[in-house]
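Here is the structure we will look at.
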There are 2 protein chains.
Amino acid sequence: MKDETRERVLRAAAEIGYVPNALAQQFARRKSGNIGVILPFVPKVHLFSTYYFSEILSGIGETAKRCGYDLLLIFREYGGGRDYAKLFRTQKIDACIVLGSENVPEERVALTELKSEGYPFCLVNQRYDEESYATVDSDHMAGSMAAVNHLIERGRRNIAFLNGPEQYSNSTDRLQGYTLALQAAGLPVTAEQIFIGNYSRKSGYEMAERIGKAIGDGVIDAVFAANDRMAIGLMQGLRERGYETGRDYSLVGYDDSDSSRIISPMLTTVAVPFYEMGRRAAARLLDVEYKAAGAEGELELLPVRLIARETT
Amino acid sequence: MKDETRERVLRAAAEIGYVPNALAQQFARRKSGNIGVILPFVPKVHLFSTYYFSEILSGIGETAKRCGYDLLLIFREYGGGRDYAKLFRTQKIDACIVLGSENVPEERVALTELKSEGYPFCLVNQRYDEESYATVDSDHMAGSMAAVNHLIERGRRNIAFLNGPEQYSNSTDRLQGYTLALQAAGLPVTAEQIFIGNYSRKSGYEMAERIGKAIGDGVIDAVFAANDRMAIGLMQGLRERGYETGRDYSLVGYDDSDSSRIISPMLTTVAVPFYEMGRRAAARLLDVEYKAAGAEGELELLPVRLIARETT
DNA sequence: GTGAAAGCGCTAACAG
DNA sequence: CTGTTAGCGCTTTCAC
């Protein structure tokens, strides 16, 4: 339109103190301008305390802001439903990112529904091999192989694995990486070397009883833990039993969380680009340029990096 | 209305798969149903990584959900404006909670505007003595006194204080508590004993040079740090210089963060009810019952608790 | 207790 | 390029 007209309108608007009403805009446009972030229910732990979510969320926030979207937080609750599609039907959100998704029946139902109804969504840090959803994940298989290979290079031969629950692709990916690395090195993979926690520090701590015994018996000389929290809990538990990293066993964690740098000895771990994962998930949903750039594949796998520190 | 009518309507709605449109509801009601949470810009640190915000946010989320509100995250950006009032004018939010507020001119302007226009908002963990805003804070003066008294009881006499920037009431409150406790014990308060960091681990780490020297000179035998992150950074820095807690100095942190339990030796600290603070702030804004119960005062001060651990 | 209708403040489509 | 107008899907008010 004519510059002068624009001027005139703008001036008039300023004069009467006009401010557009976002509610009316959203209504008329039939777009909420919100991107929903679905957060899992984590009992006891106040969710964000986990480094993991915090970083991803920050990444999402950065991109959402850049694209003119607001971030709507959806807290799932204990035993609460997963009617993600309803959020779209009621138009509360235009797109959504699912964090902490887990491969259980009701989650699969919810995601299938989202997909079949054509709502834009993206998973972060969880893959479903049966079904192809837009996903941003990191290469945890490679990360796990790197962790185990690192232990092998350090001369360790009896490497235990402290994994998380199998409903997370994170866990199964790591198991695969662990197994592959051992096999490649010609080392046996035995069920007795594999322990399952729940990614909490407490579960790592409690595992110290069994793992400590195995170390004492000389059947384990290193542990690869599927996240830093469990690694740290384990380290503390083992210390109480008189076992020290370095002297009695080597230890590798996963996530490169703040804690891994704080504890002593500092934890060797695998750095995951959580922030970047959040950014990409949001960009895929919101950023026209990013879409145009052809992030074709349904699954993006980001590289991870081993960070060698004192526990190895 | 008649039960039968209700039934009939509900049935018809189910039949045609009717779902209310939240956008239209919000528009017609002139209520967004959103509570905004304003997050400070923290350079470098991806905000949520801080235990502090994570906990508060979880508390807000719990209450918002209970009251039927959604949580809209507002990320401030570097150098970005603080036009909080605009969020209300555009009707994006019905109420808001300001996290990480800091006493600087432009923030005061923004808050004054909110108040003068009568928008409902609440500050968390930051007080303004000049102006009375709805606020939920913890009793950091008492917490600091408890920390310092604890050191005194342990026989320490030359207690340094590693504080944060003065634009946070947190910092000034702690300074006051520190000062009061020393005075009550008849100990001198000298400027040489007071150090200022910025609440980051790095700033604590860097302070180890000066504090280490003071310990070496025998003029300091204990440090009270205004948060755990700085305490931990300091501890690491001092360790590199050959000073160990217990043997060479005592140390008290603040926040009772996860990290305080993870490091070794475990950090004596002050527990702050962050989660509860978030809950209350939200309840004050949203919960009719809570309002009715008469949370009259503009300022709520929650109690904190000293947690004695190994560093003292 | 029920039905009808007038907005809410914008967007988008269309005529001038 | 500009001005006009018909909705968007609900809530609320008002008759009945």
Side-chain angles (χ1 to χ4, degrees), chain A residues 1-36 64-72 74 83-96 113-114 117-120 285-288 291, chain B residues 1-36 64-65 67-72 74 83-96 113-114 117-120 285-288:
Chain A
M1 71 187 75
K2 241 193 298 189
D3 262 9
E4 190 229 311
T5 316
R6 171 188 304 279
E7 280 293 308
R8 213 149 42 87
V9 171
L10 254 28
R11 197 164 332 114
E15 244 165 57
I16 60 172
Y18 171 80
V19 181
N21 180 318
L23 259 32
Q25 286 181 317
Q26 292 166 4
F27 177 52
R29 291 179 180 145
R30 267 151 294 192
K31 289 255 174 270
S32 67
N34 292 151
I35 177 166
K65 171 144 219 163
R66 185 168 53 74
C67 299
Y69 277 76
D70 286 313
L71 243 171
L72 201 66
I74 316 291
D83 199 350
Y84 307 151
K86 190 178 180 188
L87 295 163
F88 284 97
R89 289 195 204 101
T90 60
Q91 312 232 45
K92 283 212 166 184
I93 59 176
D94 298 335
C96 90
E113 187 181 13
L114 279 189
E117 302 194 14
Y119 297 124
L285 261 16
L286 309 179
D287 188 340
V288 226
K291 285 181 194 160
Chain B
M1 71 188 73
K2 240 192 303 190
D3 262 8
E4 192 228 311
T5 315
R6 170 188 305 278
E7 280 293 307
R8 211 149 43 87
V9 172
L10 255 28
R11 198 165 330 114
E15 244 164 57
I16 60 171
Y18 171 80
V19 181
N21 180 318
L23 259 33
Q25 285 180 319
Q26 292 167 2
F27 177 52
R29 291 179 181 144
R30 268 149 296 194
K31 289 255 173 272
S32 68
N34 292 152
I35 177 167
K65 172 141 217 165
C67 299
Y69 278 78
D70 287 313
L71 245 174
L72 201 66
I74 316 290
D83 198 352
Y84 307 151
K86 189 177 180 189
L87 296 163
F88 285 97
R89 289 196 204 99
T90 59
Q91 311 232 46
K92 282 212 167 183
I93 59 175
D94 298 335
C96 90
E113 186 181 15
L114 280 189
E117 302 194 13
Y119 297 124
L285 260 16
L286 309 178
D287 189 340
V288 225

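Below, chains carry the letters A, B, ... as their sequence lines are ordered, and counting in each starts from 1.
The separation between B/Lys31 atom NZ and D/dC10 atom C1' is 16 Å, rounded to whole Å. At whole-Å resolution of the value, CZ in A/Arg30 and P in D/dA6 are 16 Å apart. When rounded to the nearest whole Å, the span between CD of B/Glu7 and C1' of C/dT2 equals 17 Å.
For B/Cys96 against B/Ile93, the heavy-atom pair with the smallest separation is CB-CD1, 3.5 Å. The two residues A/Leu286 and A/Ala64 have their closest heavy-atom pair at CD1-CA, 3.8 Å.
Summarising the geometry, atom CG belonging to A/Asp94 is positioned 3.5 Å from atom OG belonging to A/Ser32; distances are rounded to the nearest 0.5 Å. Separating the CD atom in A/Glu113 from the CZ atom in A/Arg89 is a distance of 4.5 Å, to the nearest 0.5 Å.
Listed by chain and residue number, A/Glu4, A/Thr5 satisfy the side chain to side chain contact (heavy atoms under 4.5 Å, CB included) test with A/Arg8 (two or more places apart in sequence, or in another chain).
A heavy atom lying under 4.0 Å from DNA chain C marks the following residues of residues 10-29 of chain B, by number: B/Phe27, B/Ala28.
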